[in-house]
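First comes the structure, then the notes that go with it.
The figures that follow rest on heavy atoms only: side chains count, while hydrogens, waters and symmetry mates do not. Here is the naming used below: chain letters follow the sequence lines, and residue numbers restart at 1 for every chain.
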Protein chains: 2
Amino acid sequence: MSRQADKRTAILRATLKLIAEHGFHGAPTSMIAERAGVGVGTIYRYFRDKEELIHTLYEELEARHRAFVMQGYEENGPIRDRFYHLCRNIYRYLLANPLEFRFLEQYFDSPYGVAKMRQKLESAGEPFHALLKEGKQQGIVKDLPTLLLFGLIFGPMINVIKDHDSGLLPLNDVLVDQVIRATWDAIQR
Amino acid sequence: MSRQADKRTAILRATLKLIAEHGFHGAPTSMIAERAGVGVGTIYRYFRDKEELIHTLYEELEARHRAFVMQGYEENGPIRDRFYHLCRNIYRYLLANPLEFRFLEQYFDSPYGVAKMRQKLESAGEPFHALLKEGKQQGIVKDLPTLLLFGLIFGPMINVIKDHDSGLLPLNDVLVDQVIRATWDAIQR
DNA sequence: TCGATCGGAGTGAATGTTCACTCCGTTTTT
DNA sequence: AAAAACGGAGTGAACATTCACTCCGATCGA
């Protein structure tokens, strides 16, 4: 069971699973190695240290997530449609990938993650940024600081998905649409 | 500096500060002891183990927080007024006590905290519970699962306060009122 | 009143455990 | 056969918890 170019992948997958399920501190390198069917030392052939492993994992998940969310996005459609499109895709992705959601949550709570989050939210590449800015200009969206609007959108999202994953509040398409609607009511002028 | 009955208090305060500032895993007992001006062993005179120390701290903070929030609450006033009152008080308290906010955040992310949170949210003692139920009956509040409404209320709250505490989005009374207003728009039918 | 004795709060060096990470012998690939 | 990849016992640092001891105010006997 040696000599696989995809040992790297196995390590990343094991890391995702362990961190998502048991938190950062329930994922010692020894356990990651075991789960990945790999020696401890092998981890260090592919990643300088545990920190780099985690960052790399984040970057790869982020890229996948982004690609999914942007599928079929109409850069120039009506504000409200674009808003629904983005929200729906994010909900869909995170609900379909609970491990990734748990991991991202942990990551953004950690010291590295906080910096990443800011950078991400403030980046012009973030489609929500343009969306909200435009919405404010057109008088469709409340004239509040963008960060505050982000809070109104992502706050409920995180909360509600957490409850879903823990089995407290099973979501379905109808319910998700209702949350998105409520979120829209919150930011709409 | 010996023989003080308030060593217990000093230990609790040090724990709050260290956990709030550096997280659960940045608060070793050795550091708590140092910060409290106390020997390491002394911690174990007052608390069976670190876990009990943390639980106790939570209970005391929770009690203070609750007392503050309920000040002047009109059990029978109009739904909307009660909603504003509770929200405003929670925001006020958490903004005035950033250390407690950070601690509670960490606590509710931990395995113990999750159980506590459910218990709390589902408890009939929770004033928001009665509020939302009544609101739904009167047709003022959207007919959505209570847990979902909680998400719409507390999600933005947590997000926005986090951003405030990290200096990204300085809040003031006006801004807080605007968030509460937006939150109301989200849950209002 | 005062010296002796006692109880228990307070202490921190020592202990056992858990980790991230290294090092080098082994296995696989070329 | 040489090089590259791999494995996992070993290492040292960090941690929670313990326990043999200190010290001081209180109590007691004279």
Side-chain angles (χ1 to χ4, degrees), chain A residues 1-60 102-103 106-107 109-113 115-116, chain B residues 1-60 102-103 106-107 109-113:
Chain A
M1 150 82 79
S2 240
R3 253 326 140 127
Q4 308 222 2
D6 52 2
K7 289 205 174 193
R8 207 188 91 111
T9 308
I11 292 166
L12 285 169
R13 232 198 291 276
T15 305
L16 169 62
K17 192 156 192 199
L18 283 171
I19 290 184
E21 280 172 359
H22 305 109
F24 271 109
H25 297 276
T29 49
S30 58
M31 217 178 284
I32 292 174
E34 197 186 347
R35 199 86 154 216
V38 142
V40 186
T42 306
I43 293 172
Y44 293 86
R45 296 203 62 69
Y46 291 100
F47 306 97
R48 186 150 27 93
D49 52 22
K50 205 183 175 186
E51 198 166 313
E52 191 190 281
L53 164 60
I54 289 167
H55 281 327
T56 304
L57 179 54
Y58 166 75
E59 296 293 351
E60 300 202 354
R102 294 273 303 154
F103 173 83
Q106 308 249 7
Y107 185 79
D109 266 349
S110 76
Y112 350 108
K116 267 280 181 310
Chain B
M1 154 77 84
S2 241
R3 275 303 155 139
Q4 309 227 357
D6 54 0
K7 291 209 168 190
R8 206 187 90 109
T9 309
I11 291 166
L12 285 169
R13 232 198 291 276
T15 305
L16 170 62
K17 193 158 192 198
L18 282 171
I19 290 184
E21 280 172 356
H22 306 110
F24 272 108
H25 297 276
T29 49
S30 58
M31 216 178 282
I32 292 174
E34 196 185 350
R35 200 86 154 215
V38 140
V40 186
T42 307
I43 293 172
Y44 292 86
R45 294 206 64 72
Y46 291 101
F47 307 97
R48 184 150 29 93
D49 52 21
K50 204 183 176 187
E51 199 167 309
E52 192 190 280
L53 164 61
I54 288 168
H55 282 327
T56 305
L57 179 53
Y58 166 74
E59 297 293 351
E60 300 203 355
R102 295 272 304 154
F103 173 83
Q106 309 249 5
Y107 185 80
D109 266 349
S110 77
Y112 349 110

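Within 6.0 Å of atom CD in A:E52, more than 12 heavy atoms from other residues, nucleotides or ligands are found, so the atom counts as buried in its surroundings.
A close approach under 4.0 Å does occur between a side-chain nitrogen or oxygen of A:Y46 and OP1 or OP2 of D:dC6.
Rounded to whole Å, atom P of C:dC21 lies 16 Å from atom CZ of A:R45. Residue A:H22 contributes atom NE2, which lies 17 Å from atom C1' of C:dC19 at whole-angstrom precision. We find that NZ of A:K7 is positioned 10 Å from P of C:dT29, with the value rounded to whole Å. Straight-line distance from the CD1 atom of B:I11 to the C1' atom of C:dG10: 10 Å, rounded to whole Å. Remark: P of C:dA20 and CD of A:E34 are 14 Å apart, rounded to the nearest angstrom. Here D:dC6 presents its C1' atom at 17 Å from CZ of A:R8, a figure rounded to the nearest Å.
When each of D:dA9, C:dG8, D:dA16 is scored by its nearest atom to the side-chain atoms of B:K50, the top-ranked nucleotide is D:dA16. Taking only side-chain atoms of B:Y44, from C-beta outward, the nucleotide of C:dG10, D:dC6, D:dT17 with the closest atom is D:dT17.
Counting heavy atoms from C-beta on, the side chains of B:E60 and B:L16 never come closer than 4.5 Å. A 4.5 Å side-chain heavy-atom check between B:F47 and B:I11 finds at least one atom pair inside the cut-off.
Going from atom NZ of B:K50 over to atom CD1 of B:I19 covers 6.5 Å, rounded to the nearest 0.5 Å. Here A:Y44 contributes atom OH and A:T29 contributes atom OG1; the two are 4.5 Å apart, rounded to the nearest 0.5 Å. Taking NE2 from A:H25 and CD from A:Q106, the interatomic distance works out to 9.0 Å, rounded to the nearest 0.5 Å.
In plain terms, the two heavy atoms of A:L12 and A:L53 that are nearest each other are CD2-CD1, 3.7 Å. The minimum heavy-atom distance between A:A14 and A:R35, with the atom names listed, is CB-CB, 3.8 Å.
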Between the protein and nucleotides 11-13 of chain D, are there any N/O to N/O pairs under 3.5 Å, and if so, what are the atom names and distances?
none

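Within residues 24-32 of chain B, the residues approaching DNA chain D are B:P28, B:T29, by heavy-atom distance under 4.0 Å.
Between A:Y107 and A:H55, the two ring planes are perpendicular [angle over 60°; tilted spans 30° to 60°].
The residue among B:V40 and A:V40 whose nearest nucleotide of DNA chain C is located toward the 5' end is B:V40.
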